[in-house]
Amino acid sequence: MQEILTALSDPTRRTALALLWDGDEHCVCELMARLGASQSRMSRHMKVLREAGLVRDRRDAQWVRYRRNPHLAPELATVVDAVLAAEAKSERKVA
């Protein structure tokens with residue numbers, strides 16, 4: 001659990017995870033563009049999410065594609081859902 005909470009503690013990782021939580025596969029190049037992050041920075045963030053078991057990766061030529069881990073335990077997916085929902089609600093209040 002600590003590894004998951006640590007992975008969720010960073011705003012860039014939460015934003016990337018929110019994009020991946022749709023269930024589709026996304027290229028790291030897309031995540032870089034949407035988050036305004038360099039390749040090395042994005043790779044470091046994705047490594048944390050992958051090591052926490054939240055995302056899966058697949059190499060595609062020179063790029064890596066990421067997706068939500070389909071085998072994530074339901075209770076952990078509920079934690080992620082709650083964090084992402086709270087983040088979205090917080091952002092709506094600010095806007």
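Checking each of H45, K47, Q39 against S43 for a side-chain contact (heavy atoms from CB on, under 4.5 Å) leaves exactly one that passes, namely Q39. Checked options V55, L54, L49; the residue passing with R13 is L49 (criterion: side-chain contact (heavy atoms from CB on, under 4.5 Å)). When each of R65, R68, R50 is checked for a salt bridge (charged side-chain N to carboxylate O under 4.0 Å, His left out) with D57, only R50 meets the rule. Between L20 and the options R56, M46, E25, a side-chain contact (heavy atoms from CB on, under 4.5 Å) holds for only M46.
How far CG of L76 is from OG1 of T78: 8.5 Å, rounded to the nearest 0.5 Å. Interatomic distance, R58 CZ to D60 CG, rounded to the nearest 0.5 Å: 5.0 Å. Note that CG of D10 and CG of L17 are 11.5 Å apart. Values are rounded to the nearest 0.5 Å.
The side-chain heavy atoms of W63 and E30, taken from C-beta on, include no pair separated by under 4.5 Å. In this structure, L19 and R34 have side chains that are in contact, with non-hydrogen atoms separated by less than 4.5 Å. When side chains are defined from C-beta on, M1 counts as touching L5, because their heavy atoms get closer than 4.5 Å.
Between the H26 side chain and the R67 main chain, no donor and acceptor come within less than 3.5 Å of each other. Within the 3.5 Å criterion, the main-chain N or O of E3 finds no donor-acceptor partner in the side chain of T6.
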CA sep, side-chain torsions, deciding dist, call: V83, R14, side-chain contact (heavy atoms from CB on, under 4.5 Å): CA-CA 8 Å; V83 168; R14 285 192 307 271; 3.8 Å; yes

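A side-chain donor from one of R41 and T12 sits under 3.5 Å from a side-chain acceptor of the other.
Residues V48 and L35 do not share a hydrophobic cluster, defined by chaining ILVMFWY side chains whose heavy atoms lie under 4.5 Å apart.
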